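Have a look at the structure below before the remarks.
Because the structure is a prediction, the values reported are computed rather than measured.
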Amino acid sequence: MARSEVDKQIEEAIEAALFGFGRFLSGRDMDGVQRTNATFLKSGTSVLDGVDGRVGPMSYRPGWQRAAARVIGASAIGGGGWSYWIDPEQTLEALQYGAAGAGGLLLAGGLIHAVRTRGRRELMREWIEPLHLALADPLGIPPATRPRSYLHIPQNFSDDDAEIRIDLPVNLKFNEQAVTEMVVKKLALQGVSFSWKYDGRKPYVTVKKVHRPPSKVIFSDPKVKELVQKAPESAPLIGLTRGHKVVSVDLDAESPHVLVSAGTGGGKSVILRTIASQLIHYGARAYILDFKRVSHLWARGVKNVEYCRDIADIHEALISLGAEGQRRIHRAEQLGDDADPAEVGPRIVILLEEINATMKQLTRYWEKIKEKGDPKVSPAVDALAEILFMGRAVRLHVLLVAQSATARALGGPEMRENFATRILARYTQNAWRMLVPEVQPAPKSTRHIGRAQVVLGGSAHETQVMFMTDTEARTWAMGRTPAEPSAAGDGDEASQAHRLTGQPVLLGKQGDDLTGSQGEQGISGSLGEGASQVAGTVDSGRSMESAEGESPGQAVLEADSQAHENPADQAYAETRGDVVDDVPMSLRDVQEKYLPDIALTALRRARADDPAFPAHVEKKGQLMLYLPSDLLKWERNRQRSVTSTPYDETVDFS
């Protein structure tokens, strides 16, 4: 008797149910398609041939784990249904409170998991998945293969001691050269070696760094010091790359300005200290514009250095430097192409710390002091833009620091393009794409102390930046080697001041302060023998001209001889209810009239201990006379915390 259609359907349904129940308990895929080489006891490692589409992570689990998860889920659903059948009210009440508790636990667990796996997700998105797509064809593996099943890449794969392992197909039907090129390109690796293992059931290749920068480069190393001494005056040593090759930038021939972008603890100030101290060593004048106030303590008392901490003085310094740049442009035009570049004037290096905060403060300061008819944009911001566009001929160099060097922070994308040399440390992928889009793929950032990427001419050089302690940078900048004793040790007064401040102090006859920043060779004095004097005027109306033989305290670049017309000093004094009458006065008179918040004994102590204390301009018998504007400027820019011990020289990049 022939079976009816209904019988056939019943038999097929029973057969499907039995097969489904068997797959359910055995942990196989419910549709009966085996997608990976996973077994009941072992996890899967690869996708089987002929499988299309995405393969979920559960397909890689061993069968017993999938079966256990299914049985537990089915038991929970069945138990809940039975409980609701017996006692609906109690079941609903239990579900109400239980669901709330379980939801809270799941939410908390999800947040913790998201935070802890953030780096892992970024690694998958930025590196592992792109590498998998690039290797699928050369290795002959299905694109649906789970990347982590054969790509074993640690989060710190860019570090020196990291190791990358890639599992290979057993049939070994692939091109080694193609695989090597893809791994190097997609992971942005430099100086690595490949070790291939073909024998056995699990062939693989390991990738390790072999040519790497030195783990540390310190100035006290005699070999490093010799490299610094051999470095050209215009090309200070930044650090060493693979094979102990020198990394430097020639400010005269390659890039007049340098941008340093790094996250917290990336060593931004250390990089600037390394470059600036070498330039000052060869006679460069330096302006340190440091709104943070304490980024470059090594520069206190160094000759030819002007340290501006107060925003009013940063504002005036930029305006003065802009005027000096204009004078140098006209001077270079008169000299012609064949003239010695030094004839336009001595090299000036401008250290601009934390541009993000400084630009905001400059804008707010200008909004506060500008008068009717003044331009809307701060003249200091305009002056900075002019300096950046002036180029190499004027010998003005900006070393700029930013945590996030956005176009908005720098005043526009065109200003950022003036930095042909860019140094990045502890950067994000977004920061790299923003600052160095021409170098792709971006090397993965490392947290190795002192390690940075120096990008010049479209090439990135992994560099171990040279580290100089505060003492080494200070003594080298002052024209001495760290082994030479400073003049501060010659007399009792000098030794005492050096012990109190940790700074080299020079003392002449009693009462004469000849510290480096105020001496005849300081930046507040003349620009040096034979140097052309500044001509032109600043927006504030102060004359920028000066004659030969100016006394200390008469600045060329800041025109301190006209300090009574300085709007910054005037505005600062007016906040106290005073107007600056800039005639020489005794220390006691200045203290009583303009600095009542500072005790006279503290001023006298600062005169002996602080290398940045202004020099007297006249003497009346044994009484030394000072310009009130000089003391007001010193008070604004002085260190707020007084230390009685030398600076900690053990501070590292971290």
Side-chain angles (χ1 to χ4, degrees), residues 232-236 249-258 276 279-289 303-306 308 315-352 379-400 415 418-420 520-552 554-562 565-566:
E233 177 266 338
S234 62
V249 54
D250 195 321
L251 300 177
D252 288 342
E254 296 174 325
S255 171
H257 312 301
V258 178
L279 294 172
I280 299 171
H281 176 83
Y282 288 107
R285 275 61 173 162
Y287 267 76
I288 300 179
L289 312 182
K303 64 181 180 179
N304 301 336
V305 173
E306 180 79 6
C308 299
H315 175 89
E316 290 300 312
L318 286 173
I319 293 176
S320 301
L321 288 164
E324 168 65 0
Q326 291 293 337
R327 183 201 69 80
R328 293 187 175 204
I329 286 179
H330 294 298
R331 177 62 175 163
E333 183 182 15
Q334 295 172 357
L335 292 172
D337 295 336
D338 298 332
D340 183 356
E343 292 187 38
V344 301
R347 190 184 304 279
I348 296 178
V349 57
I350 305 164
L351 277 68
L352 188 51
V381 176
D382 282 342
L384 175 60
E386 291 177 0
I387 293 170
L388 292 176
F389 281 108
M390 285 175 184
R392 296 182 290 268
V394 298
R395 289 164 61 85
L396 264 66
H397 310 289
V398 177
L399 308 182
L400 186 145
M415 290 183 63
N418 289 289
F419 294 94
E520 291 182 356
Q521 299 300 320
I523 197 165
S524 296
S526 67
L527 281 173
E529 286 188 32
S532 302
Q533 304 299 330
V534 178
T537 59
V538 188
D539 290 347
S540 61
R542 292 177 298 143
S543 172
M544 297 303 294
E545 297 178 357
S546 61
E548 291 184 357
E550 281 184 315
S551 62
Q554 292 177 298
V556 174
L557 293 181
E558 296 210 1
D560 283 346
S561 60
Q562 304 292 334
E565 298 179 10
N566 186 340

Looking at side-chain heavy atoms only, is the closest gap between [X] and [Y] below 4.5 Å?
X      : Y      : value
Val398 : Asn418 : no
Met390 : Pro256 : no
Leu388 : His257 : yes
Arg347 : Leu251 : yes

Let me confirm one number: the [atom1]-[atom2] distance from [X] to [Y], rounded to the nearest 0.5 Å.
X      : Y      : atom1 : atom2 : answer
Arg328 : Glu343 : CZ    : CD    : 12.5 Å
Glu386 : Ile329 : CD    : CD1   : 8.0 Å
Ile348 : Glu324 : CD1   : CD    : 5.0 Å
Glu306 : Leu289 : CD    : CG    : 9.5 Å

From the list Asp382, Leu396, Leu352, Val394, side-chain contact (heavy atoms from CB on, under 4.5 Å) partner of Ile387 resolves to Leu396

Pick one: which of Leu399, Ile350, Val305, Val349 meets side-chain contact (heavy atoms from CB on, under 4.5 Å) with Ile288?
Val305

Has Arg327 got a side-chain atom pairing as donor or acceptor with Val344's backbone, closer than 3.5 angstrom?
yes

Quick one: does Arg395's side chain have a donor or acceptor within less than 3.5 Å of a partner on Ala393's backbone?
no

